[in-house]
Number of protein chains: 2
Amino acid sequence: MTNTSTTTTKATRGARGEYAKTRKRREAILDAALEVFAEGGYRAGSLREVAQRVGISEAGLLHHFPNKVALLEAVLSRRDDRSREMVPLDSDDPHAALRGVVALAAYNATVPGVVELYCTLSAEATAPDHPAHAYFTRRYETTRAAFLKSFGTLGRQGRLRPGVSPERAAIVLIALWDGLQVQWLLDREVVDIADALHECIDALADVEWDETDATPAADETEDAE
Amino acid sequence: MTNTSTTTTKATRGARGEYAKTRKRREAILDAALEVFAEGGYRAGSLREVAQRVGISEAGLLHHFPNKVALLEAVLSRRDDRSREMVPLDSDDPHAALRGVVALAAYNATVPGVVELYCTLSAEATAPDHPAHAYFTRRYETTRAAFLKSFGTLGRQGRLRPGVSPERAAIVLIALWDGLQVQWLLDREVVDIADALHECIDALADVEWDETDATPAADETEDAE
DNA sequence: GTCTATATGGCGATAGAC
DNA sequence: GTCTATCGCCATATAGAC
């Protein structure tokens, strides 16, 4: 809590070993900011609250991020990096991409703050003058395009259910995911998001859930469904 | 703009014909408040902004509603009345209820403010300390129960698609609706909500879309679909 | 790099005149 | 029923000391 321990993380012990300290501080600020923006949204979240959780003053915080909007952008950008490295949404293998959706949904259930953040912010950013409006517009376009590609590939393999169009499937999958998060945040007992998504994806396409691509008869733990 | 026209709406011209005027003022306030809360959410929306749109002072506004929370509750309550009288969600006929969903979605596309309001507020009210948290928790429970009943009835008639459970169908339908609204608010060209819901309901159950229940050949304006 | 102090302004709500 | 005036609070952001 106190920052009197100057010897904790001097990774680069050479000249000016303060780099690591600043980096750690920035990370701590971003962690706190994510929490605050998740709990109250961007507009209601305050720099004061963020600074307090980190244990510094508002002015100290603004030394690391010039203003509130910059802080928000840093939070979103860092979050995106982490998601991208976790889920291969732009994979060439549509099965892998859709498996990634379920995997990410399952993981998110263990990190409620992130779900809160995106759920609250995406609704708030619906307003055209919101600082994250462009970010979310673009993000949805990108995600739709990625799913469109996946479902398009599945369609060409004849693995889409009859009457399902790739365009519609992409929109519906995203909508479903978002909507399930709202209900989950209001009452965590009411729905298992990963389960529901898994089931609905099955209703859209014939997806290989096991990673039995190269190795035919590897590990089948889910064949009893 | 000016309120010098005392003779405009004296509906009850007897003693104290001011009732109608007050009622009109309250309605105007609620209209403006809906807009403001829709655009920025509850926390970011200000009484100042509402008062300005109505053309009165903040103190004048607070004469009609004691505080900000009361104003929000009045807005939500009035909106609920209108929705309920429009859509028979608790109808005994599951077909009528699901037709109502599509009809309401189509109507909402003509009143973007209402969609904004619920989309923004439901996400914001995810926070446990939000003044509308209890309202939305309850609202989702009620809606889920209503849809559960509809899909349950359809199930007993053998009209649910194979593998569809009434519980899951209720949750999914609501989630889909909510999620589609987010995408629609970010880009109105990307999706027709009523269309998408119609299609997805078809994927869940075998619903009678024409109202050919009691009167066989009455008025068929929609049979060309 | 972090602090204190401060500028500037919006907010919800109240008191009391008319 | 509506106003003006005001209170007290919290917000973002800046200036300058240490």
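Computed from a predicted model, the values in this text were never measured in an experiment.
Atom-to-atom, CG of B/Leu71 to P of C/dC11 comes out at 14 Å; the value is rounded to the nearest Å. Atoms CD1 (A/Ile29) and P (C/dG1) sit 11 Å apart, rounded to a whole Å. Atoms CG (B/Leu61) and C1' (D/dT4) sit 16 Å apart, rounded to a whole Å. Whole-Å rounding puts the B/Ile56 CD1 to D/dC3 C1' distance at 11 Å. Here the P atom of nucleotide C/dT2 and the NZ atom of A/Lys24 are 14 Å apart, to the nearest Å.
Listed nucleotides D/dC3, C/dT4, D/dT2 differ in distance to B/His63; the shortest reach to its side chain belongs to D/dT2.
Under the rule for a side chain to side chain donor-acceptor pair (under 3.5 Å), the partners of B/Arg139 that lie at least two apart in sequence or sit in another chain are B/Asp80. A/Glu141 meets the side chain to side chain contact (heavy atoms under 4.5 Å, CB included) test with A/Thr137, A/Arg144; sequence neighbours excluded. Residues satisfying the ring-ring contact (aromatic ring centres under 6.0 Å, His included) criterion with B/His130, sequence neighbours excluded, are B/Tyr42. Residues passing the side chain to side chain contact (heavy atoms under 4.5 Å, CB included) test with B/Thr120, sequence neighbours excluded: none.
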What one-letter contact string describes nucleotides 9-17 of chain D from 5' to 3', where B marks a base within less than 4.0 Å of any protein heavy atom, S marks contact via sugar-phosphate atoms alone, and - marks no contact?
-SBBBBB--
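Between the A/Glu49 side chain and the A/Val36 main chain, no donor and acceptor come within less than 3.5 Å of each other.
The ring pair (Phe, Tyr, Trp, His ring centres under 6.0 Å) contacts involving residues 54-102 of chain A comprise nothing, where partners must be two or more places apart or lie in separate chains.
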